[in-house]
Amino acid sequence: MSPAQPLDLAYPRPEIAVITLNRPDKLNALSYELVEALHATLDAIAANNECRVVVLTGAGRGFCSGLDLSDPNPPEAGGGTEFPRSGMRWQERIANLTVKLHRLRQPVIAAVNGAAYGGGFALAAASDIRIAGPAAKFCTQFIKLGIGGCDIGVSYTLPRIIGAGPAFDLILTARAVDAPEAMRLGLVTRVVDDTAKLLEAALEIAETLCGYGKFGLESTKQVLWANLDAGCLETALHVENRSQILSVGSGSLTRASAASRHPA
């Protein structure tokens with residue numbers, strides 16, 4: 001019997017990709033094989049012009065419990081170099097997953113079904129929309145392991161999601177946050193009461209997004225991320241204005257206006 005693949009990619013319809021981290025016995029901890037599979041999957045989705053939305057979730061009881069500590073510095077990840085060069089290559093390879101999520105043209109919906117710890121928290125924070133099941137828990141965890149609390153992008157993403165004060169609290173204390181508190185903090189935008197219905201809820205959001213113009217959806221994600229770092233209002237408006245005029249040129253506005261005048 002061949003070993004189970006560390007990741008499952010499914011297309012409920014051609015426009016929607018569902019990535020399921022598939023190491024349920026390890027709460028989907030990030031092994032070398034899973035990290036490489038996730039990189040390859042994100043690269044393939046980035047090149048898929050038919051896919052418009054991505055859902056990211058975990059198999060079993062966990063979303064992702066972070067780095068697999070049974071093999072924290074796999075030799076394959078170092079490219080044959082010695083430590084600390086090998087460690088830096090592995091660190092960068094994991095961290096660049098958040099960059100790929102950020103850069104994807106497709107919006108990413110994290111459906112957090114269970115523990116999102118360490119690197120799993122980072123993957124959720126790098127997604128564009130986060131929803132949670134009743135068993136979801138979020139924890140930065142890094143500082144508990146005797147290393148710095150800022151890792152895999154959380155010092156950038158988390159303050160932008162929930163504000164500097166709450167982010168400093170969660171990163172410095174490494175305390176776990178359950179689904180209701182995550183909702184209060186704004187870390188997630190909705191909580192689904194039944195884990196069995198979490199993926200269904202994520203797919204409903206994906207269907208809503210697929211109902212919008214193709215260029216408009218892509219550019220909206222790009223403008224939102226770009227303007228988080230805008231230095232002033234005028235800079236933000238420049239990016240918005242450019243996107244709006246390009247969207248008009250796509251013909252989506254004309255089609256939407258016609259549809260509103262002549263509803264089906």
Side-chain angles (χ1 to χ4, degrees), residues 30 42 54 56-58 62-67 88 91-192 202 205 219-240 243:
L30 295 169
L42 293 174
V54 178
L56 176 64
T57 193
F63 176 75
C64 174
S65 59
L67 179 64
M88 182 61 75
Q91 173 74 23
E92 290 172 345
R93 188 64 171 164
I94 300 170
N96 280 337
L97 287 172
T98 61
V99 177
K100 284 191 176 178
L101 289 171
H102 185 164
R103 287 182 176 173
L104 273 183
R105 290 182 176 86
Q106 299 94 336
V108 179
I109 304 164
V112 183
N113 53 305
Y117 278 36
F121 192 154
L123 294 177
S127 300
D128 303 296
I129 297 174
R130 284 158 299 282
I131 65 174
K137 280 195 174 181
F138 301 85
C139 180
T140 56
Q141 183 164 263
F142 305 114
I143 205 167
K144 291 182 178 180
L145 304 177
I147 57 177
C150 300
D151 199 14
I152 315 182
V154 296
S155 63
Y156 179 89
T157 55
L158 195 57
R160 285 164 170 76
I161 296 168
I162 64 175
F168 276 42
D169 175 13
L170 297 190
I171 292 172
L172 283 167
T173 67
R175 66 183 181 85
V177 172
D178 62 13
E181 184 175 4
M183 182 74 174
R184 291 194 298 271
L185 288 170
L187 181 56
V188 301
T189 52
R190 64 188 78 180
V191 175
V192 180
I205 297 171
S219 65
T220 296
K221 170 172 176 171
Q222 292 171 346
V223 170
L224 284 169
W225 279 105
N227 282 349
L228 281 177
D229 295 323
C232 63
L233 174 61
E234 287 80 3
T235 299
L237 288 173
H238 174 75
V239 177
E240 286 186 355
S243 175

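It should be emphasised that the depicted structure is a prediction, and the values quoted were computed from it without experimental measurement.
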- Decide yes or no on side chain to side chain donor-acceptor pair (under 3.5 Å) for Q91 and D151, but give the supporting numbers first. CA-CA 9 Å; Q91 173 74 23; D151 199 14; 2.4 Å; yes
From [atom1] ([X]) to [atom2] ([Y]), nearest 0.5 Å:
X: I152; Y: L30; atom1: CD1; atom2: CG; value: 7.0 Å
X: L233; Y: E240; atom1: CG; atom2: CD; value: 8.0 Å
X: L56; Y: L101; atom1: CG; atom2: CG; value: 6.5 Å
X: F121; Y: S65; atom1: CZ; atom2: OG; value: 14.5 Å
X: F63; Y: R130; atom1: CZ; atom2: CZ; value: 10.0 Å
X: I94; Y: E92; atom1: CD1; atom2: CD; value: 11.0 Å

Of all heavy-atom pairs between [X] and [Y], which one has the smallest distance, and what is that distance?
X: A110; Y: A124; value: CB-CA, 4.2 Å
X: T57; Y: A111; value: OG1-O, 2.8 Å
X: A176; Y: C139; value: CA-CB, 4.1 Å

- Task: Go through D229 and R160 one step at a time and tell me if the side chain to side chain contact (heavy atoms under 4.5 Å, CB included) criterion holds.
- Result: CA-CA 10 Å; D229 295 323; R160 285 164 170 76; 3.0 Å; yes
So does [Y] get a backbone contact from the side chain of [X], meaning a donor-acceptor N/O pair under 3.5 Å?
X: N113; Y: G133; value: no
X: T235; Y: G231; value: no
X: T98; Y: A126; value: no

- Item | Audit row: F142, V154, side chain to side chain contact (heavy atoms under 4.5 Å, CB included) steps and yes/no | CA-CA 10 Å; F142 305 114; V154 296; 4.0 Å; yes
- Item | Single hit among D128, L42, I129, L123 for side-chain contact (heavy atoms from CB on, under 4.5 Å) with V108 |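 Only one of D128, L42, I129, L123 forms a side-chain contact (heavy atoms from CB on, under 4.5 Å) with V108, namely D128.
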- Query: Among T173, V177, I171, which residue meets the side-chain contact (heavy atoms from CB on, under 4.5 Å) test with T140?
  - Reply: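 Going through T173, V177, I171 one by one, the side-chain contact (heavy atoms from CB on, under 4.5 Å) with T140 is satisfied by I171 alone.
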Any side-chain heavy atom of [X] within less than 4.5 Å of one from [Y]?
X: V188; Y: V112; result: no
X: D169; Y: R175; result: yes
X: I162; Y: L170; result: yes
X: K221; Y: L104; result: yes

- Item | Non-neighbouring partners of R93 that pass salt bridge (charged side-chain N to carboxylate O under 4.0 Å, His left out), sequence neighbours left out | E36
- Look at the rings of W225 and H102 and say which category their plane angle falls in: under 30° parallel, 30 to 60° tilted, over 60° perpendicular.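 Tilted: the ring planes of W225 and H102 meet at 30° to 60°.
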- Item | Within 6.0 Å of CZ in R103, more than 12 heavy atoms from elsewhere | no
